[in-house]
Amino acid sequence: MVSGAEQQQGHRAGVYKQKNKGHKHGKHRTKGEIERENKGRVSVTALTKKQRKEARKMDKRHKANQLRRNKKDLVLTEKRRLGSRDGPPHLVAVVALHAGVDAEAVTRLLRCEGAGGLVREENSVCGVSDSFGLVMPRFKQRFTFLPDMHSLLDVVKVADSLVFVLDSTEGWDSYGDHCLSCLFSQGLPAHALVCQGVSDLAVKKRVDSRRALAKISEIRFPGARLFPLDSDQDATLMLRHLGAQRQRRLGFRSRRPHLLAQQVSYTPNSSEGSGGAPTGLGTLCVSGYVRGCPLQVDRLVHISGFGDFLLSQIDAPIDPLPLNSMTPRPAKPGKEGDVDMQDGGVEAASVRVLMKADPARRESLQAEAEVDPMDGEQTWPTDTELLERVVTLNYMLDLWSQCCCWHPLYGYFELVHDAASVGGSEEEEELNSTSDKGGADQRYDEHMDEAEEGEGLKRYREARANEMFPDEVDTPLDQSAKNRFQRYRGLKSFRSSPWDPLENLPADYSRIFQFQSFERTRRRVLAEAAQEEEGAMVGWYVTLHVVDVPPTVMESVQAGRPLVLVSLLPHEQKMSVMHMLVRRHPSNTDPIKSKEELVFHCGFRRFRACPIFSQHTSADKHKLERFLRADAPTVVSVYAPITFPTAGVLLFKQREDGMQDLVGTGSLLSCDPQRVVLKRIVLSGHPFKINRRSAVCRYMFFNRDDILWFKPVELRTKWGRRGHIKEALGTHGHMKCVFDSQMRSQDTVMMNLYKRVYPRWTYDPYVPLPLPWVKGEGTQVPDDFDME
């Protein structure tokens, strides 16, 4: 007998049974397929991977420690080289931050024999009478001290340390605060705070005085130590601190060779090579210590405030400030063009020539691109246009002959005036001469410049009007809006609408240079400069022969101004459009209008130009700012020589008396001629009749042709409505508009129009040094004034 379980058949899946998909292993092959295809062969990558030694955890840790130790040794080597036998002297500038302190007393105390130093060079810096070179045998270091001077910004660009002299009670005054604002924005090197007169106080008041002064200095120098300087012992401690303190690395000067002129001579060019005519130029021989990085003779040099020049050769004179005058410096294995440097105690037969410029490798002084005026499309005028031009010219000559007559004695044209108008002017002059203006009002008005007051009030009203009604303009009544705003166009969206950066470029753009990728070029140039090992090395005392220099440079040195010379990187002599990110300084309250002339301090360069302001955004289009804003960073665009970031930027506005007020501070942003800056204008109208979504608007245009011309441009309102022009009504500027929702009677209809703007070509490398700064009182304008 067969059981029921054995008689039961196996289950069969039905037609509607779920069927799972097969496993998808991706596009790669399985291990089995790879082994079958290789048939026992082993790939090269797998073989090398087996032989490669995997770094263990301890090996990685040792490698990281080794890299950290190498970087530390490099920093210590640079620190020990400064002021030592193989490096340049430690350059120290003494800055007085208060009118009541005496900076000369500080330098006298530092140079006395009680401090342990030996003064071996008087007037070590050419143009600075009180400068001196100091050698400290005890510390095996040498220093060069510069007293307080007017050209402070130029000296701080090359100084290694600053000594700030504070007042024992107030710390610093308005002039000191102005100097600190400029120095912090430009880049502050290593510094020390010094105070005199604390030891003269009573013992009980010394602690309170130091505590109060430390509280004042904490604002600008948090955690800084305050050094008293009243005795020789204090001077010795001060010199030890200056030689051992940590140096601050400033990028704009550490990547470029530079020097401060210690000896300067000028030789005018002979007239033999120029055909007998004097050229007015000459050769400037500048001696000093190389700082920053090695100096090459084929590179261009820039003299602050005067421009770019060429080098002809580099000499190696005797070091005027040797650390040890008894023993000569041991010879070094020289490279091509190098020479063994000697100390001042060894008599040298003659000054040796280190290197001469190679005309084939020397960089060019060409700053602007060559412009061919025949490149553009040229069309010859037709005969009809020439005939119309001749008729117009004859008519203007007839009109001029009726209005003017030839003066027989002096030989020039004079206008023919009406006798009545002449008599009326004479009567007005008599009335003005007989008018009496006396009393206190007249004495007060004698010290007031009416033209300056009127100009200041005008700028203030424009700034207030732009703040209250941004970018709004009035449509002219005597001119068609189609002609008045023919350079403007409408945009559907300021963010996403396209704008061709190569469209309708001005003629000045044919004179500038542009990089395919500025950031890639910057990285390449800076990397090559960091690996440079040829030329005059850092710490060598050399003489640079600068050719074709105007005599004004030597006149500036003879007037007591220090001379700073820097070697430029490749492409830094070429003109382009530079952009700088600037914030308005809190001390400036006067409105700064776009395209107003300002004085720029950008790295080692100092120049004058008229910039334009724009918003700092990440979009491809940027809105023009009519005034320098105080609440947000602003991008300043200007035609200027190329400078590779990073570099500090200072903006000054020069007064009529020669002083310069600090306007803004910031840093260099980029070099991009294709950065689109758009100027916006807003045409406003008033809703005359409202019918739900449609409305009749007026006062935006005043004729029918203008409405039809601007009909495709989108409209918006201050309350967020959007719409467009449907049709024109009549001939007096009324138009029917349709919006996306209900209009309100108190709303305002607006139309945005845009055009691209460019800076003005007003670059001037010659900037005279300003007068000593004195805080000026701003123009007091009442808050309530008539906007009309």
Side-chain angles (χ1 to χ4, degrees), residues 462 464-501 503-504 614-615 617-627 629 632 676-757 787-788:
E462 289 179 357
R464 284 290 301 273
N466 183 70
E467 183 180 356
M468 297 171 62
F469 309 101
D471 303 326
E472 288 196 23
V473 297
D474 295 331
T475 307
L477 296 174
D478 56 346
Q479 187 181 4
S480 174
K482 180 174 63 174
N483 297 330
R484 171 63 180 84
F485 307 119
Q486 60 182 347
R487 295 180 178 270
Y488 293 84
R489 68 180 71 172
L491 293 179
K492 178 69 175 178
S493 172
F494 185 83
R495 181 185 60 85
S496 59
S497 296
W499 193 294
D500 187 7
E503 176 187 2
N504 295 332
S614 59
Q615 293 179 352
T617 60
S618 59
D620 58 344
K621 296 179 291 297
H622 310 272
K623 180 181 170 298
L624 175 77
E625 293 288 352
R626 300 175 188 266
F627 294 87
R629 298 183 58 180
V676 179
V677 179
L678 299 182
K679 178 182 179 181
R680 184 186 73 171
I681 63 170
V682 179
L683 304 181
S684 58
H686 174 67
F688 180 45
K689 297 179 181 179
I690 300 176
N691 186 10
R692 294 186 180 180
R693 291 177 52 208
S694 64
V696 178
C697 301
R698 58 180 179 178
Y699 301 152
M700 183 178 290
F701 303 107
F702 298 100
N703 59 71
R704 186 182 183 89
D705 295 339
D706 292 342
I707 297 175
L708 298 179
W709 178 264
F710 290 100
K711 186 177 179 180
V713 183
E714 186 183 22
L715 301 176
R716 68 178 182 89
T717 68
K718 286 190 175 182
W719 286 28
R721 307 290 181 263
R722 291 185 176 272
H724 61 276
I725 300 174
K726 188 175 182 180
E727 59 180 346
L729 304 177
T731 60
H732 293 341
H734 290 205
M735 56 186 180
K736 186 176 182 180
C737 306
V738 179
F739 296 91
D740 56 357
S741 60
Q742 175 71 38
M743 277 281 296
R744 295 181 180 271
S745 60
Q746 62 268 32
D747 207 346
T748 303
V749 182
M750 296 181 294
M751 176 184 291
N752 295 339
L753 300 176
Y754 303 90
K755 78 167 181 178
R756 187 176 178 183
V757 293
M787 291 297 296
E788 298 297 331

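- Across every non-hydrogen atom of P687 and D747, the tightest pair is CD-O, 3.3 Å.
- Salt bridge status for K679 with D471: absent, with no side-chain N to carboxylate O gap under 4.0 Å.
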Item to complete: Begin with the C-alpha distance, continue with both residues' side-chain angles, and end with the deciding distance and a verdict on side chain to side chain contact (heavy atoms under 4.5 Å, CB included) for I725 and M751.
Response: CA-CA 10 Å; I725 300 174; M751 176 184 291; 4.0 Å; yes
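- Between K718 atom NZ and Q746 atom CD the span is 12.5 Å, to the nearest 0.5 Å.
- With values rounded to the nearest 0.5 angstrom, M743 atom CE is found 15.5 Å from R692 atom CZ.
- Smallest separation of non-hydrogen atoms from V677 and S614: CG1-CB, 3.8 Å.
- In the displayed structure, D474 atom CG is contacted under 6.0 Å by at most 12 heavy atoms of other residues, nucleotides or ligands.
- Here S745 contributes atom OG and H686 contributes atom NE2; the two are 7.5 Å apart, rounded to the nearest 0.5 Å.
- Side-chain atoms of R693 come within 3.5 Å of backbone N or O of F739 as a donor-acceptor pair.
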Worksheet item: Given the rule in the side chain to side chain contact (heavy atoms under 4.5 Å, CB included) test, do E714 and H724 qualify, once you have shown the distances and angles that lead to the verdict?
Response: CA-CA 5 Å; E714 186 183 22; H724 61 276; 5.8 Å; no
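- Crowding of F494 atom CZ: a count of heavy atoms from other residues, nucleotides or ligands under 6.0 Å exceeding 12.
- A 6.0 Å sphere centred on NZ of K623 holds more than 12 heavy atoms belonging to other residues, nucleotides or ligands.
- Taking both residues in full, the closest heavy atoms of M700 and L683 are given as CE-O, 3.5 Å, listed atom of the first, atom of the second, then distance.
- Ring geometry for F701 against F710 counts as parallel: the plane angle stays under 30°, on a 0 to 90° scale with 60° as the upper cut.
- When all heavy atoms are compared, the tightest approach of R716 to R680 is NH2-NH1, 4.2 Å.
- Here the closest heavy-atom approach between residue C697 and residue V749 is recorded as SG-CG2, 3.5 Å.
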Worksheet item: Run the side chain to side chain contact (heavy atoms under 4.5 Å, CB included) check on L715 and R721 step by step: do they pass?
Response: CA-CA 8 Å; L715 301 176; R721 307 290 181 263; over 6 Å; no
Worksheet item: Hey, mind stepping through R756 and L678 against side chain to side chain contact (heavy atoms under 4.5 Å, CB included) and telling me if it holds?
Response: CA-CA 4 Å; R756 187 176 178 183; L678 299 182; 4.0 Å; yes
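- In this structure, the side chain of N691 does not engage the main chain of S694 through any donor-acceptor pair within 3.5 Å.
- A ring-ring contact (aromatic ring centres under 6.0 Å, His included) with H734 holds for exactly one of Y699, F702, F688; it is F688.
- For L491 against S497, the heavy-atom pair with the smallest separation is CD2-CB, 4.0 Å.
- No more than 12 heavy-atom neighbours from other residues, nucleotides or ligands sit within 6.0 angstrom of NE2 on H732.
- Residue K482 holds its NZ atom at 9.0 Å from CG of L708, rounded to the nearest 0.5 Å.
- A donor-acceptor contact closer than 3.5 angstrom is absent between the side chains of T731 and R704.
- With contacts defined as side-chain heavy-atom distances shorter than 4.5 Å, the pair V682/P470 does not qualify.
- Distance check: K736 NZ to I707 CD1 gives 13.5 Å after rounding to the nearest 0.5 Å.
- For the pair K621 and W499, the cation-pi test (distance below 6.0 Å, angle within 45°) is failed.
- Annotation: the span from K755 atom NZ to Q486 atom CD amounts to 10.0 Å, rounded to 0.5 Å.
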